[in-house]
Amino acid sequence: MDNQKRRFKATVDGKTYTIVGNRSESHMKAVTEIMNEQLAQIKKLAPQTSKEEAAILLAFNAISDQLDVAEKEAQAKKNAHFRVS
């Protein structure tokens, strides 16, 4: 992955945003697609949810998933350390 910053136009829940970052276009498209899928799922499960509330729930879920991955990686490193010793 190169570190060159690039602009990407993402349409999320019908609104277009310009995202600046060093990820590939395919990565940004995948993120946009997943965001829209998850927002649609939240709206289907809780149709009374405002756009702001849905965005907060999406962010909360994303950070929760990120923490789960970090904990699993830390546990795997810990287990690998005990096996090598």
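Hydrogens, waters and symmetry mates are skipped; everything else that's a heavy atom, side chains included, is used. On a predicted model such as this, the values are computed, not experimentally measured, just so you know.
When the options Val12, Thr11, Val31 are evaluated for a side-chain contact (heavy atoms from CB on, under 4.5 Å) with Asn36, the one that passes is Val12.
Taking the charged nitrogens against the carboxylate oxygens, Lys77 and Glu73 have no contact shorter than 4.0 Å, which rules out a salt bridge.
A pairwise comparison of heavy atoms in Phe8 and Glu25 identifies CE1-CG, 3.8 Å as the closest pair. The heavy-atom pair separating Lys44 from Pro47 by the smallest distance is O-CD, 3.8 Å. Closest of all the heavy-atom pairs between Ala54 and Thr49 is N-CG2, 3.4 Å.
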- Task: Please step through side chain to side chain contact (heavy atoms under 4.5 Å, CB included) for the pair Met28 and Ile19, ending with a clear verdict.
- Result: CA-CA 9 Å; Met28 299 300 268; Ile19 310 296; 3.1 Å; yes

Discussion item. Under the criterion side chain to side chain contact (heavy atoms under 4.5 Å, CB included), I'd like the reasoning laid out for Glu53 against Ser50: C-alpha separation, chi angles, the key distance, then a yes or no.
Written reply: CA-CA 5 Å; Glu53 291 169 330; Ser50 71; 3.2 Å; yes

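Thr32 contributes atom OG1, which lies 11.0 Å from atom OH of Tyr17 (distance to the nearest 0.5 angstrom). Put simply, CD on Gln66 and CG on Asn61 are 12.5 Å apart, with the number rounded to the nearest 0.5 Å. Atoms CD1 and CG, on Ile63 and Asp68 in that order, are 12.0 Å from each other to the nearest 0.5 Å. Annotation: the span from Leu57 atom CG to Glu52 atom CD amounts to 11.0 Å, rounded to 0.5 Å. Between atom CD1 of residue Ile42 and atom CG of residue Asp13 there is a gap of 10.0 Å, rounded to the nearest 0.5 Å.
In summary, the side chains of Thr16 and Lys9 do not present any donor paired with an acceptor at a separation below 3.5 Å, with no hydrogens or angles considered.
Contact annotation: the side chain of Val20 never approaches that of Arg6 to less than 4.5 Å [non-hydrogen atoms, C-beta and beyond]. In this structure, the side chains of Lys43 and Lys51 come closer than 4.5 Å at one or more pairs of heavy atoms.
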